[in-house]
2 protein chains.
Amino acid sequence: MKADALRGHLDPMILAVVEHEPLHGYAIMEALQERSGGELDLPTGTLYPALRRLERAGYLASEWSTVGGRKRRTYQLTSAGQKTLAAGRGEWEVFRTVIEGVLRPRTN
Amino acid sequence: MKADALRGHLDPMILAVVEHEPLHGYAIMEALQERSGGELDLPTGTLYPALRRLERAGYLASEWSTVGGRKRRTYQLTSAGQKTLAAGRGEWEVFRTVIEGVLRPRTN
DNA sequence: GTCTACATGTAGCGTTTCTACATGTTGCCT
DNA sequence: AGGCAACATGTAGAAACGCTACATGTAGAC
C-alpha cells in the first residue's frame, strides 16, 4: 500500500489496536499487520515516535516491564484516548463518504 | 473534516472531477465542494499548486482562455492521467479495506 | 463607489511519515 | 563457537504536501 496515504489516519488505528488490551510497541506493530491482512508494515521509525506522540497528547499511558530478559514498554488507552478514538471513527466515516462521493465514476 | 487527512488522496479526487469534462481551477473547486456535500472547501493555496503538480507530472494538460473578460486556465485529463485515476481508485479500495479492518470495533 | 463572486497564483510554515542508523537480548542452526 | 533471525526500543534528518497568509485583478450588483 502507498505508505504515505496513512497520514492523519495512523493515530486512530493505533488507538483502536490497544482498545481492549494494553500492548507493547512491537506487539502493536504485529497487530496492525495482522488486522490489515499483511498490507500494513510500519517501520519502527514511524511507530515508536507515534506512540510517544500519543502519550504526550494524553491518549496513551505507558509502563515498563521485563519479559524474558527483554524490556517492554506497554501502552494502554486512557479515557481521553477512548474519546479520541470514538471521534476518529466518526471522522473516518465522514472522510470515507467525502472521498467516495468524489471518486465514484460517473456516466455523465 | 479534518483537513490534513486528505494527504495523498487529493490527486485522484482532482483527476476524477475532470474525468469527463475539462474544467478550470475555480470550477474544479466548486465541483469538489458540490460532490462532497459541502464538506470539502479547498483553499486556493492548496488547489492551484496541486493542479500545477499534476500537470508537471503529465496527468493533466492545461490551456488558457478568456471568458467574459476573465482569464481561465482549463485542465483536461491526459491518457496518463486516466491510468493514474484508475490506479488511484484501486488504491483507495485497498486503503479503505485496511483502515476499516483495523478501526472496526471488536467485542473481544 | 464599495462589496461580493470570480479567477489565479506564490512564499513559507507545520505536521507526520519515511529512511537510515544505533543498540541490545534470546534462541536456533550449523 | 559463531552467526543469524526474531524480538525490542529508539533517534536524526529528509521529504512530501496541505495549510495560512498574502498578492493581484475583473465583472456585476446594490
Side-chain angles (χ1 to χ4, degrees), chain A residues 1-15 22-34 36 39-57 59-60 62-75 84 88 91 95 98-99 102, chain B residues 1-15 22-34 36 39-57 59-60 62-75 88 95 98-99 102:
Chain A
M1 193 183 58
K2 194 79 143 299
D4 260 359
L6 278 182
R7 249 163 211 290
H9 302 283
L10 183 58
D11 290 7
M13 290 169 90
I14 292 175
L15 299 181
L23 291 174
H24 62 283
Y26 198 86
I28 292 173
M29 245 174 56
E30 291 180 316
L32 284 171
Q33 202 162 36
E34 195 219 317
S36 68
E39 208 72 38
L40 232 173
D41 202 4
L42 283 190
T44 67
T46 294
L47 181 63
Y48 290 110
L51 289 171
R52 313 194 116 236
R53 188 162 36 78
L54 288 168
E55 182 171 24
R56 213 167 45 237
Y59 304 143
L60 293 178
S62 75
E63 206 175 281
W64 281 100
S65 62
T66 304
V67 177
R70 278 164 179 140
K71 281 185 181 171
R72 290 176 172 177
R73 188 176 211 163
T74 301
Y75 290 90
T84 302
E91 277 163 32
F95 178 74
V98 166
I99 303 282
V102 174
Chain B
M1 193 181 59
K2 194 79 142 298
D4 260 358
L6 279 181
R7 252 165 207 289
H9 302 283
L10 183 57
D11 289 8
M13 290 170 90
I14 291 175
L15 299 180
L23 290 174
H24 62 286
Y26 197 87
I28 292 174
M29 245 174 55
E30 291 180 315
L32 285 170
Q33 203 163 35
E34 195 219 316
S36 68
E39 210 70 37
L40 231 173
D41 201 4
L42 282 191
T44 66
T46 294
L47 180 62
Y48 291 110
L51 289 171
R52 312 193 119 237
R53 185 163 36 79
L54 289 168
E55 181 171 23
R56 215 167 43 239
Y59 303 142
L60 292 178
S62 73
E63 205 176 281
W64 282 100
S65 63
T66 303
V67 177
R70 276 162 181 143
K71 281 184 180 171
R72 290 176 171 175
R73 189 176 208 161
T74 302
Y75 291 90
F95 178 76
V98 166
I99 302 282
V102 175

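Naming: A, B, ... by sequence-line order, numbering from 1 per chain.
Put simply, A:Arg73 has a side-chain N or O that comes within less than 4.0 Å of OP1 or OP2 on D:dG10. B:Thr44 has no side-chain polar atom (N or O) that falls below the 4.0 Å cut-off from OP1 or OP2 of C:dT8. Distances shorter than 4.0 Å separate none of the side-chain N or O atoms of A:Arg70 from OP1 or OP2 on D:dT9. At the phosphate of D:dG18, OP1 or OP2 sits under 4.0 Å from a side-chain N or O atom of B:Arg53.
The separation between A:Ile14 atom CD1 and C:dT17 atom P is 8 Å, rounded to whole Å. Rounded to a whole Å, the CZ atom of B:Arg52 is 16 Å from the C1' atom of D:dC17. Following rounding to the nearest Å, A:Leu54 (CG) and C:dT17 (C1') show an atom-to-atom distance of 13 Å. Here the P atom of nucleotide C:dT8 and the CG atom of B:Leu51 are 9 Å apart, to the nearest Å. Spacing between atom OH of B:Tyr48 and atom P of D:dC22 amounts to 19 Å, rounded to whole angstrom units.
As judged by a 4.0 angstrom heavy-atom cut-off over every strand, B:Gly45 is placed among the base-contacting residues. Looking at heavy-atom distances under 4.0 Å, B:Leu10 makes contact with sugar-phosphate atoms alone, never a base.
Ring geometry, A:Phe95 versus B:His9: the interplanar angle exceeds 60°, so the pair is classed perpendicular (tilted spans 30 to 60°).
Taking the side chain of B:Pro43 as heavy atoms from C-beta on, and the options C:dA5, D:dT20, D:dT9, the nearest nucleotide is D:dT20. The side chain of B:Tyr26 approaches C:dT8 more closely than any other nucleotide in the set C:dG9, C:dT8, D:dA8. Here the nucleotide nearest the side chain of B:Arg7, chosen from C:dC6, C:dT15, C:dC18, is C:dT15. Across C:dT8, C:dG9, D:dT9, the shortest atom-to-atom separation from the side chain of A:His24 is found for D:dT9.
Heavy-atom distances to DNA chain D give each of B:Ala50 and A:Ala27 a nearest nucleotide, and the one nearer the 5′ end belongs to A:Ala27.
The local environment of OH in A:Tyr75 is crowded, with over 12 non-hydrogen atoms from other residues, nucleotides or ligands closer than 6.0 Å.
Considering only heavy atoms from C-beta on, A:Val67 stays 4.5 Å or farther from A:His24 through its side chain.
Listed by chain and residue number, B:Tyr26 satisfy the side-chain contact (heavy atoms from CB on, under 4.5 Å) test with B:Glu30 (two or more places apart in sequence, or in another chain).
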Which atom pairs, donor and acceptor, lie under 3.5 Å between side-chain atoms of residues 41-49 of chain B and protein residues at least two apart or in another chain?
from: B:Asp41; atom 1: OD1; to: B:Gln33; atom 2: NE2; distance (Å): 3.0

